[in-house]
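Excluded from the calculations below are hydrogen atoms, water molecules and symmetry mates; all remaining heavy atoms, backbone and side chain alike, are included.
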Amino acid sequence: MTTTTESETRSPSLRGATGRKALPPLLAWPALIWISVSVIVPVVFVVTVGFWRLDGFELVQDWDPATYSLMLTDSTFWGIVWWTVRTWLTVLTLILGIGVPAAYFIARHVRSLSMQTAILMLTVLPFWVSYVIRIITWIPMFGNKGVLNGALVKTGIIDSPSSAFLYNSVAMTIALVSMYIVFIVGPVYFGLSRIDADTLAASRMSGASPWTTFWKVEIPLAKPGIVAGSFFATVFLLGDFATEQIVGGATNPMLAGLSLRYAETLQWPMAAAVSAALLVIALVLIWLLSRVHDLRKEV
């Protein structure tokens with residue numbers, strides 16, 4: 001007669017529990033491998049190239065910090081850093097100032113769900129077209145012989161075509177706002193639409209004005225969408241170089257444009273050093289945004 005011990009009886013369940021504990025790490029490995037190959041390895045390589053030096057047009061793989069030292073002691077570099085951060089702050093302020101009210105209007109004043117969807121689709125629709133094509137269309141629209149100048153001249157508002165709409169920092173800022181405002185409208189609308197109607201009713205019943213309800217109740221509850229949208233806008237904005245060249249006229253380069261210029265002249269160590277500096281600045285700005293709201297609490 002065969003007897004079964006308690007440990008033998010429990011062993012299948014123990015093996016099942018052990019298997020379930022081992023499963024999450026195994027599921028994480030594909031993501032870790034992908035992140036390592038597509039993010040960590042390229043970043044390490046870029047930072048490393050910044051320590052190499054040029055011998056004519058040939059890269060010499062020496063460990064030389066001269067490129068980073070030259071970059072960090074260059075006043076022009078720090079001027080471009082300040083211009084990049086100032087442009088980021090200006091554009092982010094504008095897209096928040098325009099995008100949040102727009103999202104609020106869609107969520108609270110457009111009653112039809114189908115109409116809300118249609119309006120949101122119109123904000124996303126430009127992203128179905130290539131980014132470069134969208135930027136290039138600014139030339140026939142706002143150039144000296146563009147549609148806007150032609151209309152203003154024909155109506156007598158101006159006597160001759162104006163160059164104020166293209167090839168300057170103001171035009172570049174307007175183009176950046178138009179490009180990245182969608183990252184605010186969508187997430188903020190989604191955050192506002194999730195707010196329970198009873199919460200808003202309770203605020204009104206307590207005597208709060210619509211403005212107080214908006215500022216004290218709705219904005220805090222929509223903060224995850226605001227921060228998430230700001231994350232996306234920051235990443236894309238700091239990496240943008242086409243808008244600065246095509247719309248801004250390449251007169252006020254940001255760090256991404258500066259790195260491109262060094263790469264175009266085959267100054268690879270300096271291009272890599274500027275790219276590494278841009279990465280550090282992006283991480284700092286993302287960290288500052290994360291201090292406003294921790295998105296991990298939403299998971």
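R53 contributes no side-chain N or O that, together with a main-chain N or O of G50, makes up a donor-acceptor pair within less than 3.5 Å. Under a 3.5 Å cut-off, the side chain of N168 and the backbone N or O of V170 do form a donor-acceptor pair. The backbone N or O of A271 lies less than 3.5 Å from a partner atom in the side chain of S259, making a donor-acceptor pair. Between the side chain of T73 and the backbone N or O of L70, at least one donor-acceptor pair lies under 3.5 Å. Looking only at distances, a side-chain donor or acceptor of D240 sits under 3.5 Å from a matching main-chain atom of A242. Listed for the T234 side chain is a donor-acceptor partner under 3.5 Å among the backbone atoms of S230.
When side chains are defined from C-beta on, L285 counts as touching W88, because their heavy atoms get closer than 4.5 Å. For the pair L255/L238, no side-chain contact is recorded, criterion being any heavy-atom separation below 4.5 Å from C-beta on. T67 has its side chain out of reach of F51: every pair of non-hydrogen atoms, C-beta onward, lies at least 4.5 Å apart. Within the 4.5 Å cutoff, no side-chain heavy atoms of L120 are placed close to those of T117. Side-chain contact check for F214 versus I219: some heavy-atom pair is nearer than 4.5 Å. Between S290 and V227, the closest side-chain pair of non-hydrogen atoms is not below 4.5 Å. Put simply, the side chain of V274 reaches to within 4.5 Å of the side chain of Y262, judged on heavy atoms. Side-chain contact check for V37 versus V41: every heavy-atom pair is 4.5 Å or farther apart.
Considering NZ of K216 and OG of S206, their distance stands at 12.5 Å, rounded to 0.5 Å. To the nearest 0.5 angstrom, F232 atom CZ is 14.5 Å from L237 atom CG. One distance of note links CE of M172 with CD1 of I246; it measures 13.0 Å at 0.5 Å rounding. Interatomic distance, CE of M121 versus OG of S114, reported as 13.0 Å (0.5 Å rounding). If you take CD on E218 and OH on Y104, they are separated by 4.5 Å, rounding to the nearest 0.5 Å. The CD1 atom of I95 sits 11.5 Å away from the CD1 atom of I226 when rounded to the nearest 0.5 Å.
Environment of CZ in F241: sparse, with no more than 12 heavy atoms of neighbouring residues, nucleotides or ligands closer than 6.0 Å. The number of heavy-atom neighbours closer than 6.0 Å to CG of D159, taken from other residues, nucleotides and ligands shown, is 12 or below.
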Please table the atom pairs, donor to acceptor, closer than 3.5 Å between any side-chain atom in residues 276-284 and protein atoms at least two apart or in another chain.
none

Identify all side-chain donor-acceptor contacts of residues 183-192 below 3.5 Å with residues at least two apart in sequence or on another chain.
| from | atom 1 | to | atom 2 | distance (Å) |
| --- | --- | --- | --- | --- |
| Y189 | OH | Q116 | OE1 | 2.6 |

Show me the donor-acceptor pairs within less than 3.5 Å that the side chains of residues 133-143 make with the rest of the protein, sequence neighbours left out.
| from | atom 1 | to | atom 2 | distance (Å) |
| --- | --- | --- | --- | --- |
| R134 | NE | P126 | O | 3.1 |
| R134 | NE | V129 | O | 3.3 |
| T137 | OG1 | R134 | O | 2.5 |

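Taken together through direct or relayed side-chain contacts under 4.5 Å among Ile, Leu, Val, Met, Phe, Trp and Tyr, V153 and I157 form part of one hydrophobic cluster. Residues W268 and V60 fall into different hydrophobic clusters, defined by Ile, Leu, Val, Met, Phe, Trp and Tyr side chains chained together at heavy-atom separations under 4.5 Å. Criterion: ILVMFWY side-chain heavy atoms under 4.5 Å apart, direct or through other members. Under it, F236 and L125 are part of a common hydrophobic cluster. No continuous path of ILVMFWY side-chain contacts below 4.5 Å connects F45 to W34, so the two sit in separate hydrophobic clusters. No chain of hydrophobic side-chain contacts below 4.5 Å, direct or via other Ile, Leu, Val, Met, Phe, Trp or Tyr residues, connects I35 to V46.
The two residues Y167 and G249 make their nearest non-hydrogen contact at CD2-CA, 3.7 Å. Among all heavy-atom pairs drawn from L32 and S36, the shortest one is O-OG, 2.7 Å. The two residues M71 and W78 have their closest heavy-atom pair at O-NE1, 4.4 Å. Of all heavy-atom pairs spanning S169 and W83, the tightest one is CB-CH2, 3.7 Å.
The residue from Q245, M270, Q267 that alone fulfils the side chain to side chain contact (heavy atoms under 4.5 Å, CB included) condition with R261 is Q245. Between L258 and the options T76, I80, T84, a side chain to side chain contact (heavy atoms under 4.5 Å, CB included) holds for only I80. Under the side chain to side chain contact (heavy atoms under 4.5 Å, CB included) rule, L176 has a single partner from L94, T87, L92, which is T87.
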(message) Show, in sequence, the C-alpha distance, side-chain angles and deciding distance for V217 and T212, and conclude whether the side chain to side chain contact (heavy atoms under 4.5 Å, CB included) test is met.
(response) CA-CA 8 Å; V217 178; T212 302; over 6 Å; no
(request) Could you please spell out the steps behind the side chain to side chain contact (heavy atoms under 4.5 Å, CB included) verdict for F231 and I286? (result) CA-CA 6 Å; F231 278 176; I286 290 295; 3.7 Å; yes
(request) Tell me, with the steps shown, if N149 and K154 meet side chain to side chain contact (heavy atoms under 4.5 Å, CB included). (result) CA-CA 9 Å; N149 265 310; K154 287 182 179 180; over 6 Å; no
(request) Check the pair V47, Y68 against side chain to side chain contact (heavy atoms under 4.5 Å, CB included), reporting the backbone distance first and the verdict last. (result) CA-CA 10 Å; V47 173; Y68 283 101; 3.8 Å; yes
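Side-chain contact, T90 with T173: no donor N or O sits under 3.5 Å from an acceptor N or O.
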